[in-house]
A.B. asks: 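Below are the structure tokens for one structure; questions will follow.
One-based numbering, in listed order, for ligands and for the atoms of each.
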Amino acid sequence: MADRLAAASAIRLSNISKSFDGVRALTDVSIEIRVGTVHALVGENGAGKSTLGKIIAGVHQADSGSLAFDGASVAFASPRDAIGHGVTMVAQELALIPSLSVLENVYLGNEDHRGPFVRTSALRERFRALSERTGITLDPAATVSSLPVADQQKVEVLRALASNASVIVMDEPTARLATDEALGLRSIIKRLRESGTTIVYVSHFLEEVLDLADDITVLRDGELVHSGEAAGHTPDSLVELMIGRALDSVFPGKQPPAPGAEVRLSVAGLTGTGFSGVSFDVHAGEIVAIAGLVGSGRSEVLRAVYGADRSAAGAVAVDGGRYQRRSPDRSVSLGVVMLPESRKSQGLFLDASISDNVSISALPQVSTWGVVRSGAERSLVASFLDDVDISMRHMGQAIGTLSGGNQQKALFAKALITGPRLLIVDEPTRGVDVGAKRQIYDLLARLAAQGLAILMVSSEMEEVIGLAHRVVVMNHGQVAGTLNHGQVTERRIADLAFGSAVAVETI
Ligand SMILES: Nc1ncnc2c1ncn2[C@@H]1O[C@H](COP(=O)(O)OP(=O)(O)OP(=O)(O)O)[C@@H](O)[C@H]1O
Ligand SMILES: [Mg+2]
């Protein structure tokens, strides 16, 4: 064992410290990442995982400490420099060029494709081979901006793989993927490991971490808490290392809406691209989840209800009133707010301050990025930020400087500050750490108990089961069945989602 470590140490990080504007993100972190292993980085939101990953991949430079690669000391001045040494990164925030094609994004900036004379036919051929090798199939000619976020995430992964790097830092690569796609990525990672690639893997999905990782490093508040072999760890033991205490049951008790609660949202025969004939109601005080496999039409239904996408047929009613020509603006004025799936492309203005991002939806009359004007507005924003327990230095901080999970919490505050009557949430806890998940679950349950109607999509089965009063299960764009309070089990959801016969009789 000792021999292997000594002979094959890929990356040794020694006494790494890094501050941003005087705030410590990492303090004196020393770890060793073995060649050909999956090395997981775990920790709460803001613990320093992305910062460490970015230092390994040359995106950030450490203030002090050193990096040795294969025994030799290195200092990467830029991501390009790191790629030159065989190190690349799949970033937590998508960094694609939306107006370019999948093919262009995958090969852009990869070393052997520089210069103006890249032959598209040669690239197509390479892309085809890459698809075959990874099992990730995408239309190479599709414009990235036209793709769903899950597919954009796959483009990021392909781009990293196309560079043939020997070390790949993956920062929450499955945060935007549905369960089956995440499983697909896991097998790709295992194959990469077999072929000798070293993967530094950041994830909040602890089961995933335990399935993949050979070694695990736990960070807390920028400091190293633990680094060692994964064997012997459990989700609970990791949580304890991450937050310094055990976490009790994750879900708040369910309080179904009172019988006779008014129907807040009624959807009848809704039909659009990717779904048809979808009908369901959401009552005041009720949490309804739409479950189903990727491509089953879940997110498309949310977007059509909200008015982000057009639908071809069917009726939507809010509070009993027909709501036909739907648009995000009109939804907001009806008290219908949606928390989108991707914070970067749909939700946040990364260079603007936290307070401006949050208050923009509360103050529709503010059309420019002014400062929040009155003290009352400021304290309103502060109280909502407090509700989601955001960890920040001050409200004037650019929202892009928050850790990924804290950006997600800011999105929540932004949705809630409008005082919605119906909250539509797509993957509400993506990228959020275990402790903060618990807070978001509590918050959703509390809001429902106060009478808010909540419609959500989640790929996390336990979230659906733990939170929803009712589950609408979709299969191939249609409602396969609805499970009422007391009927919701993983087995029944899976049966309906996969379309097996067993399920139908349980309804
Ligand atoms: N560019 C930046 N400017 C200022 N502060 C930053 C910047 N990047 C990170 N930070 C701060 O450094 C700390 C660590 O952030 P980091 O993004 O590494 O956390 P993380 O562990 O990846 O969290 P998450 O799970 O939420 O993604 C946080 O306090 C964050 O606000
Ligand atoms: Mg991060």
A.B. asks: Look up atom OG1 in Thr217 and atom CG in Asp215, then write down how far apart they are to the nearest 0.5 Å.
C.D. replies: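 The CG atom of Asp215 is 7.5 Å from OG1 of Thr217, to the nearest 0.5 Å.
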
A.B. asks: Please verify whether a non-hydrogen atom of His204 lies at under 4.0 Å from ligand 1.
C.D. replies: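 Under 4.0 Å: yes for His204.
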
A.B. asks: So for atom CG, which belongs to Asp351, do other residues, nucleotides or ligands contribute more than 12 heavy atoms lying within a distance under 6.0 Å?
C.D. replies: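 12 or below, so no.
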
A.B. asks: Could you list which atoms of ligand 1 come closer than 4.0 Å to a heavy atom of Gly405?
C.D. replies: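 Heavy-atom distances to Gly405 below 4.0 Å select 24 (P), 26 (O), 27 (O).
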
A.B. asks: Under the criterion side chain to side chain donor-acceptor pair (under 3.5 Å), I'd like the reasoning laid out for Thr429 against Gln408: C-alpha separation, chi angles, the key distance, then a yes or no.
C.D. replies: CA-CA 8 Å; Thr429 62; Gln408 178 71 14; over 6 Å; no

A.B. asks: With a sphere of 6.0 Å drawn around CG of Asp221, does it hold more than 12 non-hydrogen atoms of other residues, nucleotides or ligands?
C.D. replies: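 Open.
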
A.B. asks: Below 3.5 angstrom, do we get any N/O pair linking Thr401 and ligand 1?
C.D. replies: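 So ligand 1 has an N or O lying under 3.5 Å from an N or O of Thr401.
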
A.B. asks: Give the contacting part of Glu44 toward ligand 1: side chain, backbone, both or neither, where contact means a heavy-atom distance below 4.0 Å.
C.D. replies: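 Only the backbone of Glu44 comes within reach of ligand 1.
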
A.B. asks: Polar contacts were defined as any N/O atom of the residue lying under 3.5 Å from an N/O atom of the ligand; does this apply to Ala47 and ligand 1?
C.D. replies: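 The answer is yes, given that Ala47 and ligand 1 share an N or O pair closer than 3.5 Å.
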
A.B. asks: Going by the atom numbers of ligand 1, which of them fall below 4.0 Å from some non-hydrogen atom of Gly404?
C.D. replies: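 Per the distance check, 24 (P), 26 (O), 27 (O).
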
A.B. asks: Distance to the ring centre below 6.0 angstrom and angle to the axis at most 45 degrees; does that hold for Lys437 and Tyr441?
C.D. replies: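 Output no; distance or angle outside limits.
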
A.B. asks: Where is the nearest protein heavy atom to atom 2 (C) of ligand 1: which residue, which atom, and how far?
C.D. replies: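 Of the protein heavy atoms, Phe20 CD2, 3.5 Å lies nearest.
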
A.B. asks: Can you tell me which residue and heavy atom of the protein come closest to atom 24 (P) of ligand 1, and the distance to 0.1 Å?
C.D. replies: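 Here the nearest protein heavy atom works out to Asn45 ND2, 3.5 Å.
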
A.B. asks: Under 3.5 Å, side chain of Lys49 to main-chain N/O of Gly43, donor-acceptor pair present?
C.D. replies: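 Checked: pair present.
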
A.B. asks: Can you report which non-hydrogen protein atom sits closest to atom 18 (O) of ligand 1, along with the distance?
C.D. replies: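 Result: Thr51 OG1, 2.6 Å.
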
A.B. asks: Give the atoms of ligand 1, by number and element, whose distance to some non-hydrogen atom of Gln92 is under 4.0 Å.
C.D. replies: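 This gives 27 (O) as the contact atoms.
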
A.B. asks: Of the protein's non-hydrogen atoms, which lies at the shortest distance from atom 12 (O) of ligand 1, and what is that distance?
C.D. replies: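 Atom 12 (O) of ligand 1 sits closest to the protein heavy atom Ala25 CB, 3.3 Å.
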
A.B. asks: Could you point out which residue of Glu156, Glu172, Arg159 forms a side chain to side chain contact (heavy atoms under 4.5 Å, CB included) with Val90?
C.D. replies: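 Filter result, single survivor: Glu156.
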
A.B. asks: Measure from the Mg ion (ligand 2) to each N, O or S atom of Gln92 and report whether any distance is below 2.8 Å.
C.D. replies: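 Yes.
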
A.B. asks: Is the distance between the Mg ion (ligand 2) and the nearest N/O/S atom of Ser50 smaller than 2.8 Å?
C.D. replies: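 Yes, within the cut-off.
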
A.B. asks: Might you point out which heavy atoms bring Ser458 and Val464 nearest each other, and give the distance in Å?
C.D. replies: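 In terms of heavy atoms, the two residues are closest at O-CG2, 3.7 Å.
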
A.B. asks: Which residue and non-hydrogen atom of the protein lie closest to atom 22 (O) of ligand 1, and at what distance in Å?
C.D. replies: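 Result: Ser50 OG, 2.8 Å.
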
A.B. asks: Can you check whether His60 has an N/O within less than 3.5 Å of an N/O in ligand 1?
C.D. replies: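 No - when backbone and side-chain N and O of His60 are compared with those of ligand 1, no distance drops under 3.5 Å.
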
A.B. asks: Hey, does Gly43 come in under 3.5 Å of ligand 1, counting only N/O atoms on both sides?
C.D. replies: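 Gly43 vs ligand 1: no N/O contact under 3.5 Å.
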
A.B. asks: Which option out of Gly22, Ser19, Gly46 puts a heavy atom nearest to atom 29 (O) of ligand 1?
C.D. replies: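 It is Gly46 whose heavy atom sits nearest to atom 29 (O) of ligand 1.
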
A.B. asks: Verify the neighbour count for atom CD of Glu490: are there more than 12 heavy atoms of other residues, nucleotides or ligands below 6.0 Å?
C.D. replies: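 No, not enclosed.
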
A.B. asks: I'd like to check Asn406 versus Ile354 (side-chain heavy atoms, cut-off strictly below 4.5 Å). Are they in contact?
C.D. replies: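 SC-SC contact between Asn406 and Ile354 ruled out.
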
A.B. asks: Checking a contact table here: which protein heavy atom is nearest atom 25 (O) of ligand 1, and how many Å away?
C.D. replies: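 Ranking protein heavy atoms by distance from atom 25 (O) of ligand 1, first comes Lys49 NZ, 2.7 Å.
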
A.B. asks: Measuring from atom OG1 of Thr37 to atom CD1 of Ile33, what distance do you get when rounded to the nearest 0.5 angstrom?
C.D. replies: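 The OG1 atom of Thr37 sits 7.5 Å away from the CD1 atom of Ile33.
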
A.B. asks: Is there a nitrogen or oxygen of Asp21 sitting under 3.5 Å from a nitrogen or oxygen of ligand 1?
C.D. replies: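 For ligand 1, there is no N or O atom that lies under 3.5 Å from one belonging to Asp21.
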
A.B. asks: Name the orientation class of the two ring planes belonging to Phe69 and His85 (parallel below 30°, tilted from 30 to 60°, perpendicular beyond 60°).
C.D. replies: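 Answer is perpendicular, since the angle exceeds 60°.
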
